Amino acid sequence: MNRRSSDYSATLYVYTAATIVAGLTAFVWAAGSFPVDERISLTTAGGREGVLLGLVFWIAVGLLGGLKVERLHGHGVLTFHYPFIIAATALGGPVAGALVALISTIERRELRDVPWFGLLANHAALTFAAICGGVTMILVRHGLTALAATEAQTVELIAIVLGSLVIGTVATALASGTVILRDRLGVSEAIRVYDTGFRTTSAAEVVIGWVLWLTFSTVGWWAALICAVLVLSLWSGHDAREIARHDAMTGLLSRAGFDARLTEALDAIQRRGQSAALLAVDLDGFKAVNDKHGHAVGDDVIREVGARLRAAIRLTDSAVRRGGDEFGVLLADMPDRETARQLSIRIHEAICAPIAVDGGSIRIGASIGVAYIEPSTRAPSIGRLHDLTDRLMYVAKRHGGGLRFDESWTAANRDATA
């Protein structure tokens, strides 16, 4: 389930339009100002044909990056494209980097999950970042070349390092703006979204971009291709770990992955004085769906609920399929109980909306227990929190479904009751 257009604010639409215009304007300007450097040529003779083949090479290799998607809090957001954008920019200049950023970043996931205006904005942002990085490389080369004491190799290295930094910074800043407006996050929350794993992966991609540039320049295109294939192969081990942390049917986190997220949230609550909310979700009427429509339709319902949970929560939140028709949600960085209440209501409404099936639509309900977690001198255990939300969920189920909130006391200080 994709986000509905009504979920987006007017400010986000304006920001998205501005990003698209900026990317398009920058590309037109760069195309008229900077020729593609023949160092990107795939042939020793160079010329227009060699340059064209070089561009096709980097675009084709860059498309392989779409096969490797880094999961950030359960969302596929970081794709393995930076190395090819950086290498193409360093070799061919701003226009070459922009073309690779614009075309090679197309991937099946975003064609399926991202609205058309979001897709255009994503590619415009990367195009704009590549042009900024390419112009930075040109300016640094010209500036340092004027210093006669600076060696050519040193100039090139400094230019590529600084240009790569600009590409990563601009692309991340533009993406952060979208995240802040779409998920209504504060700046500090958005910074925490791009966590240590994201930063480490981005830094590794930049270094790989340098390696690809070096091998292409000193050995040949075939050496760069071998490096790219080897790196993509090594990432298969990372993919296996990610698969183990996610439910195969819904793509939501597994129990182990969710509890790891919950542990991080509890640590943040104690160290930074934040609050959070934990939800236990059980579908109502799901057995009747299985009995009447069959297990194939039941599986479709589970997958749709998983998609709706992903669409309803923010990027800072996490969702899990606990098994069968049971789910869980962690709402991180809650400013107050009312915000947690409103987000919980939004999740409940999303689940309970009609689900299209062959020949019509069906409705299911949901019983949800919500526990609000605040800082405490005695941190609650994960098991105790799950027990609390389960009890609240069963209370909701006994009363016909809906939401049951832990309004009387914080989860951290609540005494265990039978």
Side-chain angles (χ1 to χ4, degrees), residues 71-75 179 183-200 241-242 244-247 252-282 309-310 312-323 326-344 346-347 368-396 403-417:
R71 292 283 174 179
L72 178 60
H73 292 192
H75 300 257
V179 169
D183 292 331
R184 298 174 176 84
L185 304 179
V187 175
S188 60
E189 292 174 323
I191 291 173
R192 287 196 295 274
V193 165
Y194 295 94
D195 58 9
T196 302
F198 180 94
R199 293 192 296 269
T200 301
R241 291 192 298 273
E242 279 298 304
R245 290 169 62 91
H246 289 81
D247 174 62
L252 301 179
L253 289 170
S254 64
R255 281 177 174 267
F258 185 78
D259 284 349
R261 253 338 157 252
L262 182 54
T263 299
E264 295 172 3
L266 293 177
D267 181 61
I269 289 171
Q270 295 303 116
R271 288 189 296 105
R272 297 197 290 263
Q274 300 171 351
S275 297
L278 182 65
L279 284 65
V281 182
D282 188 74
L309 284 176
R310 285 197 303 272
I313 64 177
R314 306 163 303 162
L315 195 57
T316 49
D317 304 328
S318 303
V320 59
R321 184 188 177 205
R322 299 172 62 184
E326 295 185 8
F327 299 83
V329 176
L330 172 64
L331 303 175
D333 301 331
M334 289 288 98
D336 49 51
R337 288 177 179 270
E338 183 57 27
T339 301
R341 176 191 290 275
Q342 293 301 321
L343 288 172
S344 300
R346 184 170 77 178
I347 290 170
I368 303 178
V370 185
Y372 193 69
I373 313 168
E374 296 177 306
S376 170
T377 56
R378 183 165 61 93
S381 67
I382 290 177
R384 189 175 181 183
L385 286 171
H386 283 314
D387 288 343
L388 172 58
T389 54
D390 283 345
R391 287 197 294 270
L392 292 167
M393 179 265 291
Y394 285 123
V395 171
L403 293 142
R404 176 66 60 166
F405 295 91
D406 177 30
E407 298 272 20
S408 303
W409 51 82
T410 66
N413 294 327
R414 183 182 188 274
D415 293 328
T417 59

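Note that the structure is predicted; figures quoted are calculated from it, not measured. Only heavy atoms go into these numbers, but all of them, side chains included; no hydrogens, no water, no symmetry mates.
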Test side chain to side chain contact (heavy atoms under 4.5 Å, CB included) applied to His386 and Ile382, step by step: CA-CA 6 Å; His386 283 314; Ile382 290 177; 3.5 Å; yes

Distance check, rounded to the nearest 0.5 Å: [X] atom [atom1] versus [Y] atom [atom2]?
X      : Y      : atom1 : atom2 : answer
Glu264 : Asp259 : CD    : CG    : 11.5 Å
Ser275 : Ile269 : OG    : CD1   : 6.5 Å
Leu385 : Leu278 : CG    : CG    : 6.0 Å
Arg337 : Phe405 : CZ    : CZ    : 10.5 Å
Leu403 : Ile368 : CG    : CD1   : 4.5 Å
Leu266 : Gln274 : CG    : CD    : 11.5 Å

Derivation and outcome, side chain to side chain contact (heavy atoms under 4.5 Å, CB included), residues Leu252 and Phe327: CA-CA 9 Å; Leu252 301 179; Phe327 299 83; 3.7 Å; yes

Residues in side chain to side chain contact (heavy atoms under 4.5 Å, CB included) contact with Ala396, at least two apart in sequence or another chain: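 For Ala396, the residues satisfying side chain to side chain contact (heavy atoms under 4.5 Å, CB included) (neighbours in sequence not counted) are Ser367, Arg404.
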
Contact summary for [X] and [Y], nearest pair of heavy atoms:
X      : Y      : value
Val320 : Leu253 : CG2-O, 3.1 Å
Val370 : Ala277 : CG1-CB, 4.4 Å
Gln270 : Pro375 : OE1-CA, 3.9 Å
Leu392 : Gly369 : CB-CA, 3.6 Å
Ser318 : Arg261 : OG-CG, 3.1 Å
Ala371 : Asp406 : CA-CB, 3.9 Å

Test side chain to side chain contact (heavy atoms under 4.5 Å, CB included) applied to Ile347 and Leu331, step by step: CA-CA 11 Å; Ile347 290 170; Leu331 303 175; 4.2 Å; yes

Met334/Ile373 under side chain to side chain contact (heavy atoms under 4.5 Å, CB included): CA gap, chis, key distance, verdict: CA-CA 9 Å; Met334 289 288 98; Ile373 313 168; over 6 Å; no

Asp317 side chain vs Ala332 backbone, donor-acceptor pair below 3.5 Å: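 The answer is yes, because a donor-acceptor pair under 3.5 Å joins these two groups.
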
Partners meeting side chain to side chain donor-acceptor pair (under 3.5 Å) with Asp267 (sequence neighbours left out):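 Scan of Asp267 (side chain to side chain donor-acceptor pair (under 3.5 Å), adjacent residues dropped) gives Arg271.
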
Listed partners of Thr263 passing side chain to side chain donor-acceptor pair (under 3.5 Å), at least two apart: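 Listed in chain order: nothing, the list is empty.
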
Cationic tip of Arg322 above Phe258 ring, under 6.0 Å, 45° of axis: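 No, cation not above the ring by the 6.0 Å, 45° rule.
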
Side-chain heavy-atom pair Leu343, Arg314 within 4.5 angstrom cut-off: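 They are in side-chain contact.
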
